[in-house]
Amino acid sequence: MVKLKVKWTTQLFDVDVDVDAGMAVFNAQLQSLTGVPTDRQKITVMGKVLKEDTNLGTLKLKDNMKILLVGTAEAVPEKPAVEEKFLEDLPPEELATTQLPSGLMNMGNTCYLNSTLQCFRVVGPMRKLLENAKSDDGDGRVTVQLNKLLRSMDSTPEPVTPAMFVGVFRTVFPQFDQQDDKGHHAQQDAEEAWTQLLQASVNSVPPAADGSNPVDNLFSGQSTIKWKCAESDNEPETTSSESWRKLQCHISTDSTTVELGLNEALTAKVEKRSAALDRDAVFLKEAKLTKLPEFLTVQLVRFCWKADVKKKAKILRPVVFPTTIDVSNMCSPELKAELEKGREPLRARQEREMEEARKAKQEKFNPKNEQKKEEAKAEEGEKKKEDGDGEEDKMEEDKEDPNAIFKEEFFTSMGNKSGWYELCGVVTHKGICTSSSSLFSCMASMAITPSHHIITCACLSVCLSVCICLPA
């Protein structure tokens, strides 16, 4: 046993060293005294750097001999700012927010309705409006029960049985209460259920302060349509306007994507009455969007009527739908120019976020960058002490907020301000026929609450109906 004096930075330690125990034990002793990990220790004895396999017995160590230790100690672990919680200790309300969203039990061919309800669940502004619904009539009773059901789904991670809601829904809307000769409820259309629930909400939610309907403010858009007769030049061109709560995506040999299907529906051939020819004729329809909703609903028209078999047939052609869709090319020139005001700041913000993510990734995989960052932070702290807090606070106030533009009235008002929408939910049909197949939905992982109303909502349906929502 040899008593050595180990110098580390400005400190001096007395260490009893067993030369027969080896370097591993000696390294562990130094780590316990100084906090320097063994892989960072550089030990020098009489000008010689010791290695992991150095035999201490061959160094002729003597009592009170000085040894130099170089290395950086690990920081003392700090108490976490937020106390760690375990899943088994959480109440049901908090547990529901940490796991996958709770599902809905099938009440007998109610998969179409369950999938549609999950779409309503992720639209944050809609959830707030449902809190104010009045149960004065049938639509009101449905809306109130819808709000209660969604709240119960938020309070538990377990599947919920929507018995009360389904009962009221079928009573108020008897078309969804159809049964076969064996008493089984028939399969229904998810798009019809979505439309009916949306209309019920429109009728039962109180109007806004300006007299407008808050539900329509979220889901309703407007279009201008030009009609030109393809069979006669004597028929004058006409222009009409219409409001809508969904856009249709036509599926044909040319519409391989949602964008192409939407454009095909906006520029279509429609048969209607011609005053000049005094008969039905083919008209060329050209529609342009003049107002975009905050949340856009898109219906993929998957089913058509086959007259020869007198049944609905499913169009099995695949249609690609992206997670983000741009509808600015479908808008009128006036609306397109207005959207450009929102697109430029949004592009700048996305570029900043991408640059910040790139720098964070570089710092993560380069320890030297992290060390430089710590040194810069220490220097900044010293400078702050020298200059005083007042000047630092003034510099913070003078620093320009890159997101300040999004607080302006143009961005805080209702409606989409960019023409971009992001997918938040899909209701899709699985199977070939309408009566014996099932529907399911895929949702975003969190409730959608557009913070700046720039990008808001998009598309709902691979087969029957799809709702895509987009937060800014």
Side-chain angles (χ1 to χ4, degrees), residues 1-87 89 351-402:
M1 186 73 68
V2 181
K3 294 184 178 181
L4 302 178
K5 294 185 179 296
V6 179
K7 184 179 181 182
W8 176 67
T9 61
T10 60
Q11 303 179 58
L12 192 66
F13 298 94
D14 292 327
V15 183
D16 293 332
V17 181
D18 185 357
V19 295
D20 297 326
M23 280 295 296
V25 175
F26 186 36
N27 290 137
Q29 286 180 284
L30 296 180
Q31 181 175 356
S32 64
L33 289 172
T34 63
V36 180
T38 57
D39 57 340
R40 296 185 189 174
Q41 293 178 9
K42 183 180 178 181
I43 307 170
T44 306
V45 180
M46 295 182 294
K48 181 181 179 181
V49 178
L50 304 187
K51 299 181 179 179
E52 295 180 359
D53 57 351
T54 300
N55 186 349
L56 296 177
T58 63
L59 298 179
K60 299 180 182 180
L61 300 175
K62 299 180 181 179
D63 289 341
N64 298 322
M65 181 180 287
K66 287 187 178 182
I67 293 179
L68 180 63
L69 171 64
V70 178
T72 306
E74 287 184 336
V76 179
E78 298 180 358
K79 183 179 180 181
V82 181
E83 185 179 355
E84 187 175 359
K85 294 182 180 180
F86 297 94
L87 290 177
D89 299 329
E351 290 175 0
R352 288 196 304 271
E353 292 174 350
M354 291 175 63
E355 182 64 19
E356 291 172 0
R358 184 186 65 80
K359 290 181 179 179
K361 186 176 181 181
Q362 287 181 343
E363 293 175 355
K364 179 179 180 181
F365 293 101
N366 193 339
K368 292 182 179 179
N369 290 340
E370 189 66 28
Q371 185 176 355
K372 290 180 180 178
K373 188 177 179 181
E374 293 295 331
E375 292 174 355
K377 188 182 293 185
E379 292 179 2
E380 184 180 348
E382 291 295 330
K383 186 177 180 181
K384 185 176 180 180
K385 289 180 180 179
E386 295 174 0
D387 299 340
D389 294 341
E391 186 175 343
E392 183 70 19
D393 293 340
K394 185 178 180 181
M395 290 176 62
E396 288 294 329
E397 292 176 2
D398 294 340
K399 188 182 296 184
E400 183 179 356
D401 182 7

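Scanning for salt bridge (charged side-chain N to carboxylate O under 4.0 Å, His left out) contacts around Asp14 gives Lys5, with sequence neighbours left out. Here Lys66 pairs with nothing under the salt bridge (charged side-chain N to carboxylate O under 4.0 Å, His left out) rule; sequence neighbours left out. With sequence neighbours left out, the salt bridge (charged side-chain N to carboxylate O under 4.0 Å, His left out) criterion links Glu351 to no other residue. Under the side chain to side chain contact (heavy atoms under 4.5 Å, CB included) criterion, Gln11 pairs with Trp8, Thr9, Phe13, not counting sequence neighbours.
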Using distance only, find each side-chain donor-acceptor pair of residues 17-30 under 3.5 Å and give its atom names and separation, not counting sequence neighbours.
| from | atom 1 | to | atom 2 | distance (Å) |
| --- | --- | --- | --- | --- |
| Asp18 | OD1 | Asp20 | N | 3.1 |
| Asn27 | ND2 | Gln41 | OE1 | 2.9 |
| Gln29 | NE2 | Asp16 | O | 2.9 |

Identify every side-chain donor-acceptor pair in residues 48-55 under 3.5 Å, counting partners at least two apart or on other chains, and give the distances.
| from | atom 1 | to | atom 2 | distance (Å) |
| --- | --- | --- | --- | --- |
| Thr54 | OG1 | Lys51 | N | 2.8 |
| Thr54 | OG1 | Lys51 | O | 3.1 |
| Asn55 | OD1 | Gly57 | N | 3.1 |

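For Met354, the CE atom sits in a loose shell: 12 or fewer heavy atoms of surrounding residues, nucleotides or ligands are nearer than 6.0 Å.
Annotation: the span from Lys7 atom NZ to Thr44 atom OG1 amounts to 12.5 Å, rounded to 0.5 Å.
At least one donor-acceptor pair under 3.5 Å links the side chain of Arg40 to the backbone N or O of Thr72.
Between Val45 and Leu61 the shortest side-chain heavy-atom distance falls below 4.5 Å.
The pair Glu355-Arg352 does not count as a salt bridge, with every side-chain nitrogen at least 4.0 angstrom from each carboxylate oxygen.
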